[in-house]
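The structure appears below as structure tokens.
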Number of protein chains: 2
Amino acid sequence: MASLGDLERSVMDLLWDSAEPLTANDLRDDLAALGADAKELAVTTVLTVLARLEKKGLVERERSTRPHRYAACSSREDHTVGLLNEALGTAQDREAVLARFIGGITADEAASLRAILDSVKSA
Amino acid sequence: MASLGDLERSVMDLLWDSAEPLTANDLRDDLAALGADAKELAVTTVLTVLARLEKKGLVERERSTRPHRYAACSSREDHTVGLLNEALGTAQDREAVLARFIGGITADEAASLRAILDSVKSA
DNA sequence: AGACGATTTCGACAGCTTGTAGAAGTCAAG
DNA sequence: CTTGACTTCTACAAGCTGTCGAAATCGTCT
């Protein structure tokens, strides 16, 4: 897959949280609002990051509208699942890892996991 | 955590697979044997990588013996679990991620997951 | 003690990624 | 056709990783 830098990650978070595609200017403003650190990035910086994210296959751009609009290709959850599988892929004994992993999740999560497993059992 | 490069990863794999701590020369030989590509790395290369892994907190070195001996700090599984939690940590709705994740694992793994959950249920 | 071989430490450098942006090109509207 | 917004191109500094050579060190053999 592709690991994300801090800024790339922030941009993806904004895109994931937005129902509509966003423009580079939207993102610049949102990023400034986020940090509240008065540190406005140059628009070109945002555009560069967006271009890189596009190359990585994480965002797609609408070139039809004049200020191009950018949207995430897949949901945040799907992306995270990809990361999980990537991490698991490097382990030969997936089950041993899963066992340890289960030990670390909360009771609530364990309960919902059980529920999920049950609902999938039919398949 | 710390992501690993290809060589760093190979070294960690060897250390994880070894019951005994290994020396840089052991590792150089093992690496050459692995690739079978006749490409022997310089020992200093291996030492550099080991120093970096030590700095990252992944391996510990015995300075008491003359050829220093290196061993992994934690098991491969624990490391992988760390990666999983790191990936999950960036997601707000862990359960949505877990749900999608379950959909992608094999039936066997689902079965063992169920078993693990059951065995942990008592806690 | 002195020399020698094995080991380790200290830079060093190239290539890739990420953050950051200026300069220049392009496009639509007036 | 001029202007202002938007995009593309190019660039550069840091940091990470692979890869070593040169130099310092350490144990040992004579």
Side-chain angles (χ1 to χ4, degrees), chain A residues 1-15 20-32 34-35 37-72 79 83 86 90, chain B residues 1-15 20-35 37-71 79 83 86 90:
Chain A
M1 188 149 294
S3 63
L4 301 180
D6 291 342
L7 181 52
E8 291 176 331
R9 174 73 202 188
S10 298
V11 168
M12 286 310 297
D13 276 335
L14 288 172
L15 291 179
E20 301 292 313
L22 300 176
T23 70
N25 276 316
D26 292 340
L27 287 164
R28 174 180 40 63
D29 295 344
D30 289 354
L31 286 169
L34 259 192
D37 49 2
K39 167 83 158 68
E40 284 246 326
L41 291 175
V43 190
T44 52
T45 299
V46 180
L47 283 166
T48 300
V49 168
L50 285 169
R52 287 174 184 165
L53 289 172
E54 188 187 18
K55 182 175 302 178
K56 290 183 185 180
L58 292 178
V59 307
E60 55 190 355
R61 129 169 40 187
E62 279 184 55
R63 285 191 145 89
S64 49
T65 66
R66 181 45 174 161
H68 295 180
R69 295 169 111 50
Y70 300 81
H79 179 255
L83 291 182
E86 193 173 76
T90 69
Chain B
M1 189 149 296
S3 63
L4 300 180
D6 290 342
L7 181 53
E8 290 176 332
R9 174 73 202 188
S10 299
V11 169
M12 285 310 297
D13 276 334
L14 289 172
L15 292 179
E20 301 291 313
L22 300 176
T23 70
N25 276 316
D26 293 340
L27 287 165
R28 173 180 42 60
D29 296 343
D30 289 354
L31 285 169
L34 258 192
D37 50 0
K39 167 80 159 67
E40 285 246 325
L41 291 174
V43 191
T44 52
T45 299
V46 180
L47 283 166
T48 299
V49 168
L50 285 168
R52 287 173 184 167
L53 289 171
E54 189 187 18
K55 182 175 303 178
K56 290 183 184 180
L58 292 177
V59 307
E60 57 190 355
R61 126 167 46 184
E62 278 184 55
R63 285 193 146 89
S64 50
T65 66
R66 179 47 175 162
H68 295 180
R69 296 171 108 55
Y70 300 82
H79 178 254
L83 291 182
E86 192 172 77
T90 70

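Keep in mind it's a predicted model, so treat the numbers as computed, not measured. Chain identifiers are assigned alphabetically (A, B, ...) following the order of the sequence lines, protein sequences preceding nucleic acid strands; residue numbering begins at 1 within each chain.
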Point to revise | Distance below 4.0 Å between Thr44(B) side-chain N/O and dG11(C) OP1 or OP2 | key: no
Check your understanding: Do any side-chain nitrogens or oxygens of Arg28(A) fall under 4.0 Å of OP1 or OP2 in dA21(C)?
Key -> no
Study note, to complete from the structure: Asp6(A) CG to dA14(D) P, in whole Å, measures 17 Å
Practice item. Round to the nearest Å and state the distance from Leu27(A) atom CG to dT7(D) atom P. Key: 11 Å
Exercise for review: For Glu62(B) and dT8(C), give me the distance from atom CD to atom P, rounded to whole Å.
Suggested key: 12 Å
Point to revise | Contact under 4.0 Å: Asn25(A) side-chain N or O vs dC6(D) OP1/OP2 | key: yes
Point to revise | Distance-only donor-acceptor test, Thr48(B) side-chain atoms vs dC20(D) base atoms, 3.5 Å | key: yes
Point to revise | Side-chain donor or acceptor of Asp30(B) paired with backbone N/O of Leu27(B) under 3.5 Å | key: no
Review point. Do the side-chain N or O atoms of Arg63(B) get closer than 4.0 angstrom to the phosphate oxygens (OP1, OP2) of dT25(D)?
Key: no
Review point. For dA21(C), does OP1 or OP2 lie under 4.0 Å from any side-chain N or O of Thr45(A)?
Key: yes
Review point. Which nucleotide sits closest to the side chain of Arg66(A): dG18(D), dT8(D), dC27(C)?
Key: dC27(C)
Point to revise | Interatomic distance where CG belongs to Asp26(A) and C1' belongs to dC6(D) [whole Å] | key: 13 Å
Review point. Taking it one step at a time, do Asp26(A) and Thr23(A) satisfy side-chain hydrogen bond (donor to acceptor under 3.5 Å, both in side chains)?
Key: CA-CA 5 Å; Asp26(A) 292 340; Thr23(A) 70; 3.2 Å; yes
Study note, to complete from the structure: Side-chain contact check for Leu47(B): nearest option of dA11(D), dT9(C), dT17(D) is dT9(C)
Exercise for review: Taking the side chain as every heavy atom from C-beta outward, state whether Asp29(B) and Glu40(B) have any pair of such atoms under 4.5 Å apart.
Suggested key: yes
Exercise for review: Could you state the atom-to-atom distance from NZ of Lys55(B) to P of dT17(D) in whole Å?
Suggested key: 11 Å
**Study point:** pair Thr45(A)-Arg28(A): side-chain heavy atoms closer than 4.5 Å
**Key:** no
Review point. About how many Å separate CD of Glu8(B) and CG of Asp13(B), when rounded to the nearest 0.5 Å?
Key: 12.0 Å
Exercise for review: From the options Val59(A), Leu50(A), Leu58(A), select the one residue that forms a side chain to side chain contact (heavy atoms under 4.5 Å, CB included) with Val11(A).
Suggested key: Leu50(A)
**Study point:** Nucleotide dT20(C), atom P - distance to CD of Glu8(A) in whole Å
**Key:** 11 Å
Exercise for review: Would you mind classifying the nucleic acid contact of Leu7(B) as base, sugar-phosphate or nothing, using non-hydrogen atoms under 4.0 angstrom?
Suggested key: sugar-phosphate
Review point. Has Arg69(B) got a side-chain N or O lying under 4.0 Å from the OP1 or OP2 atom of dT7(C)?
Key: no
Check your understanding: Counting only side-chain N and O atoms of His68(A), is one of them less than 4.0 Å from OP1 or OP2 of dT7(D)?
Key -> yes
**Study point:** Rounded interatomic separation in angstrom, taking CG from Leu31(A) and P from dA21(C)
**Key:** 12 Å
Review point. Which nucleotide in the list dC6(D), dA23(C), dC20(D) gets nearest to the side chain of Pro67(A)?
Key: dC6(D)
Practice item. May I ask you to say what Lys56(A) touches in the nucleic acid, namely base, sugar-phosphate or nothing, with a heavy-atom cut-off under 4.0 Å? Key: sugar-phosphate
Review point. Hey, which of these two, Leu4(A) or Ala42(A), hits DNA chain C nearer its 5' end, going by closest nucleotide?
Key: Leu4(A)
Practice item. Starting at atom CG of Leu50(A), determine the distance to atom C1' of dT8(D), rounded to an integer number of angstrom. Key: 14 Å
